[in-house]
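These notes concern the structure reproduced below.
Side-chain atoms are counted along with the backbone in the values below, which use heavy atoms only and exclude waters and symmetry mates. So that the names make sense, note that chain A is the first sequence line, chain B the second, and so on, each numbered from 1.
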Protein chains: 2
Amino acid sequence: MNFSKTTGYSLTILTYMVNHSGENVSADFLHSKLGIPYQYLRQILTKLSKTGFIVSSRGRKGGFELTRDVSTIYIADIIGAIEGLEGFNTCILGFQECPFNNKCSIHNILDEPRANILKILKQTSLEDLIIK
Amino acid sequence: MNFSKTTGYSLTILTYMVNHSGENVSADFLHSKLGIPYQYLRQILTKLSKTGFIVSSRGRKGGFELTRDVSTIYIADIIGAIEGLEGFNTCILGFQECPFNNKCSIHNILDEPRANILKILKQTSLEDLIIK
DNA sequence: ATTAAATGCTATAAGGAGGTATCATTTATG
DNA sequence: CATAAATGATACCTCCTTATAGCATTTAAT
Ligand code: SF4
Ligand code: SF4
């Protein structure tokens with residue numbers, strides 16, 4: 001029912017970075033701060049780098065940095081890049097082809113609250129997560 | 001983000017049965033009606049039987065039947081028996097121990113809508129799913 | 001009695017998610 | 001220049017979910 005652990009890690013990393021804006025942080029540093037398994041963290045940072053949410057610099061003093069305007073990075077974008085947003089658009093019960101023409105009882109009661117969550121995720125940017 | 005496929009299958013089976021109340025249906029029949037892989041369907045029916053949502057009868061003309069009062073079987077009960085409801089009570093981001101004292105930004109924006117979904121699932125019984 | 005139709009039970013396999021380990025490459029510092 | 005500190009890339013392992021297969025047992029129909 002919740003997000004994948006990888007998505008959780010990704011969000012934690014990015015929300016940490018947006019609250020420590022401007023700092024160039026290394027994987028080792030983030031590991032010590034966030035407790036995410038080091039090697040796995042490395043993979044996620046690479047992915048976040050390849051998907052353009054952060055930029056990396058190699059070598060000594062290297063690390064990762066947020067560069068894009070954080071008011072334009074929405075939570076839904078991040079989730080979309082990591083685990084995809086298909087879960088919000090496809091059958092809640094996991095069917096490839098809906099046997100009930102999108103009108104089964106479960107659909108009726110859960111479609112709206114699920115859409116509501118997606119709406120929130122699309123409206124909330126990293127900037128909104130800055131602790132003031 | 002959504003439920004496990006097994007949970008989806010379970011809900012589909014039970015909502016089918018409640019809408020065809022009184023009928024004793026076989027795994028083969030349900031397979032032809034719902035398209036759930038036969039052997040997997042068998043396992044799920046056994047589980048639903050062991051968890052008391054349905055009762056089985058063996059031999060020719062055997063099959064499965066709803067016997068409990070369907071107004072007392074809530075969707076949340078079914079989900080709880082199949083995949084558990086932990087997902088609704090634990091960290092949305094997948095952490096075992098919350099590093100942020102239950103107050104990170106994601107928690108703030110998603111806790112309430114998630115609780116709302118659980119509330120709906122706890123209030124909706126199989127009887128409510130009967131097509132009138 | 002025999003057969004057909006059904007569930008009970010259990011072993012196995014494929015696939016993805018989460019996690020670990022290692023080597024290669026880049027770059028700042030002494 | 002040599003070293004240390006960092007990322008890039010890749011291979012591997014484990015566990016869980018989903019799915020498949022087969023044998024054993026029960027029961028109704030013939
Ligand atoms: S109607 Fe039911 S089965 Fe069909 S897509 Fe919606 S939740 Fe899935
Ligand atoms: S505050 Fe954040 S990290 Fe902590 S339990 Fe809530 S969602 Fe998880």
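Screening residues 68-78 of chain A for side chain to side chain donor-acceptor pair (under 3.5 Å), with sequence neighbours left out, gives A/Asp69-A/Ser71. For residues 45-56 of chain A, the set of pairs meeting the side chain to side chain donor-acceptor pair (under 3.5 Å) definition, not counting sequence neighbours, is empty. Applying the side chain to side chain donor-acceptor pair (under 3.5 Å) definition to pairs two or more places apart or across chains, none involves residues 109-122 of chain A.
For B/Thr6, the side chain to side chain donor-acceptor pair (under 3.5 Å) partners are B/Tyr40, not counting sequence neighbours. Shown here are the side chain to side chain donor-acceptor pair (under 3.5 Å) partners of A/Asp128, two or more places apart in sequence or in another chain: A/Ser125. Partners of A/Ser10 under the side chain to side chain donor-acceptor pair (under 3.5 Å) rule, at least two apart in sequence or in another chain, do not exist in this structure. A/Thr12 meets the side chain to side chain donor-acceptor pair (under 3.5 Å) test with no other residue; sequence neighbours excluded.
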> How far apart are the C-alpha atoms of B/Phe3 and A/Leu110, what are their side-chain angles, what is the distance that settles it, and do they pass the side-chain contact (heavy atoms from CB on, under 4.5 Å) test?
Replying inline: CA-CA 11 Å; B/Phe3 298 112; A/Leu110 288 187; 3.7 Å; yes
> Step by step, would you call A/Ile54 with A/Ile13 a side-chain contact (heavy atoms from CB on, under 4.5 Å)?
Replying inline: CA-CA 10 Å; A/Ile54 55 181; A/Ile13 293 164; 5.6 Å; no
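For the pair B/Leu93 and B/Cys104, the tightest heavy-atom approach, listed with the atom from each and the gap, is CD1-SG, 4.2 Å. Listed here is the closest heavy atom pair of A/Glu83 and B/Met1: OE2-N, 4.2 Å.
When each of A/Lys61 and A/Arg58 is assigned the nucleotide of DNA chain C with its nearest heavy atom, A/Arg58 is the one assigned upstream, toward the 5' end.
Annotation: the span from B/Ser21 atom OG to B/Ile130 atom CD1 amounts to 6.5 Å, rounded to 0.5 Å.
Atom pair B/Phe64:CZ and C/dG8:C1' shows a separation of 9 Å (rounding to whole Å applied).
Nucleic acid contact for B/Gly62: sugar-phosphate only, since backbone atoms but no base atoms lie under 4.0 Å from a heavy atom of the residue.
Remark: B/Pro37, B/Gln39 in residues 25-39 of chain B come within less than 4.0 Å of DNA chain D through at least one heavy atom. Shown for residues 73-91 of chain A: no residue has heavy atoms falling under 4.0 angstrom of DNA chain C. Contacts with DNA chain C (heavy atom under 4.0 Å) in residues 4-13 of chain B: none are found. Only B/Gln43, B/Thr46, B/Lys50, listed by number, bring a heavy atom of residues 43-53 of chain B to less than 4.0 angstrom from any atom of DNA chain C.
The aromatic rings of B/Tyr38 and B/His31 sit perpendicular to each other, their planes meeting at more than 60°, with 30° as the lower class boundary.
Side chain A/Arg60 to base C/dT27: no donor-acceptor pair is found below 3.5 Å. Counting distance only, with no hydrogens placed and no angle test, the side-chain atoms of B/Arg42 and the base atoms of C/dG8 include a donor-acceptor pair under 3.5 Å.
Chain B approaches DNA chain D within less than 4.0 angstrom (heavy atoms of the protein), and the contacting nucleotides run 5' to 3' from D/dT18 to D/dA29.
Under a hydrophobic clustering in which Ile, Leu, Val, Met, Phe, Trp and Tyr are joined whenever their side-chain heavy atoms come within less than 4.5 Å, directly or via other members, B/Leu66 and B/Val55 fall into different clusters.
Side chain of A/Thr124 to main chain of A/Leu121: no donor-acceptor pair is present (N/O by atom type, distance under 3.5 Å, no hydrogens or angles).
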